[in-house]
There are 2 protein chains.
Amino acid sequence: MKFEDEAKGAEKHMDILGSLIIDSARLLRAAFERRIAQAGLELTPGEALALINIADLDGSRQLDIAARMGVEPMTLCAYLDKLETLGLVERQQCSADRRAKRIKLTETSGEMIGSIRNELNVILTQATEGLSEENNRILREALVLVNANLQATVPSAALQTAPDESR
Amino acid sequence: MKFEDEAKGAEKHMDILGSLIIDSARLLRAAFERRIAQAGLELTPGEALALINIADLDGSRQLDIAARMGVEPMTLCAYLDKLETLGLVERQQCSADRRAKRIKLTETSGEMIGSIRNELNVILTQATEGLSEENNRILREALVLVNANLQATVPSAALQTAPDESR
DNA sequence: CGAATTTCATAAGGCACCCTTACTATCTTT
DNA sequence: AAAGATAGTAAGGGTGCCTTATGAAATTCG
């Protein structure tokens with residue numbers, strides 16, 4: 001059997017990117033989790049991020065929020081259960097469509113949202129320490145592009161964006 | 001609703017980076033999982049990545065491989081159980097330290113490793129489509145920096161930094 | 001109009017990732 | 001030789017996210 005490991009050097013810088021992204025996410029999530037716990041906020045990272053997204057989309061329906069977050073509606077539903085239990089959001093009947101519910105922030109949520117944003121801010125400031133403004137921008141733009149590219153490879157994404165189903 | 005969120009703009013580009021990284025990781029993992037399944041490789045992404053790392057560190061002990069991967073020894077242990085069951089790696093007694101085991105690739109693993117590298121390659125080529133060589137490099141360097149920064153915030157990181165001088 | 005289909009939220013269940021704690025066997029130090 | 005550190009691992013848990021199925025309401029259409 002002959003192995004074609006000659007190409008390994010060329011591929012190496014590729015598969016490293018995969019590890020880098022996955023490692024970043026793990027580290028980031030862990031750091032966020034630690035900070036949230038330290039700050040005494042009784043939320044998981046997923047719930048906290050959901051709340052942040054809801055803050056930007058106050059009054060939206062669950063489908064829209066889930067789409068914005070890039071998760072399945074069911075995944076968001078679980079977060080909302082928790083957030084509602086904690087009194088941070090409310091599910092209100094949508095008058096236009098009685099199947100749907102509008103997710104509204106409660107008055108008491110403001111403080112929590114501020115705290116979460118603050119923790120996020122600290123973490124990301126630490127994480128990007130030593131990164132030039134310019135490269136910070138490129139990093140974000142590159143990730144936006146990567147995400148769009150990956151999203152396009154999702155089979156069901158054909159329904160949303162791609163007109164091509166030559167699969 | 002009538003709240004002034006003037007400060008939000010300043011923070012926004014920060015917390016977006018967090019979402020971007022986490023989203024990338026989720027999309028990447030999902031894409032990898034799909035491709036691995038399609039290719040008929042009976043591995044999870046974590047197991048596959050472990051195997052790739054082992055390929056670069058053939059004959060190392062589990063602690064070193066775990067450190068390289070950035071996971072706890074126990075996490076790696078579970079991957080190894082699976083990889084060993086599949087006949088892709090072997091645990092060999094380390095002659096110098098009978099507590100330790102050296103992880104060796106089996107002969108049959110070459111094919112699997114090639115397949116995994118290939119799938120990774122395809123995914124990452126897709127993911128970085130439209131990204132200039134220059135920005136690709138900056139992306140990777142920025143992530144390396146971010147990972148190092150985040151790693152430094154881990155409480156137990158003080159313990160981790162020392163034991164690695166045999167490189 | 002009424003039946004079929006679609007859509008929104010959700011209940012139920014599952015897989016993967018990764019961790020902490022605790023234990024055994026083996027080094028290392030004193 | 002006794003005490004403590006270290007390599008691997010068994011056990012178990014929390015989180016993230018998914019798929020499938022269900023009930024209710026909306027929409028399409030014969």
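Residue numbers start from 1 in every chain, and the chains themselves are labelled A, B, ... in the order their sequence lines are given, proteins ahead of strands.
- Distance A:Glu33 CD to C:dC19 P: 10 Å, rounded to the nearest Å.
- Taking atom CD1 on A:Ile22 and atom C1' on C:dC18, their separation rounds to 13 Å, with Å as the unit.
- In this structure, the CG atom of A:Leu43 is 10 Å from the P atom of D:dG16, given to the nearest Å.
- Checking B:Asn136 against B:Arg140 by side-chain atom types alone, a donor-acceptor pair falls below 3.5 Å.
- Remark: the backbone N or O of A:Leu131 is not paired with any side-chain donor or acceptor of A:Thr128 at under 3.5 angstrom.
- Within the structure, the salt bridge (charged side-chain N to carboxylate O under 4.0 Å, His left out) test picks out the following pairs touching residues 27-36 of chain A (sequence neighbours left out): A:Arg35-A:Glu119.
- Hydrophobic clustering of Ile, Leu, Val, Met, Phe, Trp and Tyr side chains at less than 4.5 Å, counting indirect connections, unites B:Leu143 with A:Leu124.
- Rounded to whole Å, the distance from NZ on A:Lys82 to C1' on D:dG16 is 13 Å.
- One can place CZ of A:Arg98 at 22 Å from P of C:dT6, the figure rounded to the nearest angstrom.
- Panel note: side chain A:Asn53, backbone A:Leu49; a donor-acceptor pair is recorded below 3.5 Å.
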Collect all protein-nucleotide pairs involving nucleotides 7-11 of chain C in which both atoms are nitrogen or oxygen and the distance is under 3.5 Å.
{"residue": "C:dT7", "atom": "O4'", "partner": "A:Arg99", "partner atom": "NH1", "Å": "3.4"}
{"residue": "C:dT7", "atom": "O2", "partner": "A:Arg99", "partner atom": "NH1", "Å": "2.6"}
{"residue": "C:dA9", "atom": "OP1", "partner": "A:Gln62", "partner atom": "N", "Å": "3.2"}
{"residue": "C:dA9", "atom": "OP1", "partner": "A:Lys101", "partner atom": "N", "Å": "3.0"}
{"residue": "C:dA9", "atom": "OP1", "partner": "A:Lys101", "partner atom": "O", "Å": "3.2"}
{"residue": "C:dA9", "atom": "OP2", "partner": "A:Leu63", "partner atom": "N", "Å": "2.9"}
{"residue": "C:dT10", "atom": "OP1", "partner": "A:Arg91", "partner atom": "NE", "Å": "2.9"}
{"residue": "C:dT10", "atom": "OP1", "partner": "A:Lys101", "partner atom": "NZ", "Å": "3.2"}
{"residue": "C:dT10", "atom": "OP2", "partner": "A:Gln62", "partner atom": "OE1", "Å": "2.8"}
{"residue": "C:dT10", "atom": "OP2", "partner": "A:Gln62", "partner atom": "NE2", "Å": "2.9"}
{"residue": "C:dT10", "atom": "OP2", "partner": "A:Arg91", "partner atom": "NE", "Å": "3.3"}
{"residue": "C:dT10", "atom": "OP2", "partner": "A:Arg91", "partner atom": "NH2", "Å": "3.0"}

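- Judged by distance alone, the side chain of A:Ser115 and the main-chain N or O of A:Glu111 form a donor-acceptor pair under 3.5 Å.
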(request) Show your reasoning for whether salt bridge (Lys or Arg N to Asp or Glu O under 4.0 Å) applies to A:Glu133 and A:Arg137. (result) CA-CA 6 Å; A:Glu133 190 65 33; A:Arg137 185 181 57 74; over 6 Å; no
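- Between the CE atom of B:Met112 and the CG atom of B:Leu105 there is a distance of 12.0 Å, given to the nearest 0.5 Å.
- Residue A:Thr75 has no polar side-chain atom (N or O) positioned under 4.0 Å from OP1 or OP2 of D:dG16.
- For the OP1/OP2 pair of D:dG16 and a distance below 4.0 Å, the side-chain nitrogens and oxygens of B:Arg26 include no atom meeting the criterion.
- Across the protein-nucleic acid pair, B:Asp23 atom CG and D:dG16 atom C1' stand 13 Å apart, rounded to whole Å.
- Comparing A:Ala96 and A:Pro45 against DNA chain D, the residue whose closest nucleotide sits nearer the 5' end is A:Pro45.
- Put simply, OH on A:Tyr79 is 7 Å from C1' on D:dC17, counting in whole angstrom units.
- Side chain of B:Thr108 to backbone of B:Gly87: a donor-acceptor contact under 3.5 angstrom is found.
- Each end of the helix from C:dC1-D:dG30 to C:dT30-D:dA1 yields a helix axis from five base pairs, and these two axes differ in direction by 10° (to the nearest 10 degrees).
- The residue B:Thr44 sits close only to the backbone: its heavy atoms come under 4.0 Å of sugar-phosphate atoms, none of a base.
- One atom, CG of A:Leu27, and another, P of C:dC17, lie 16 Å apart when rounded to the nearest Å.
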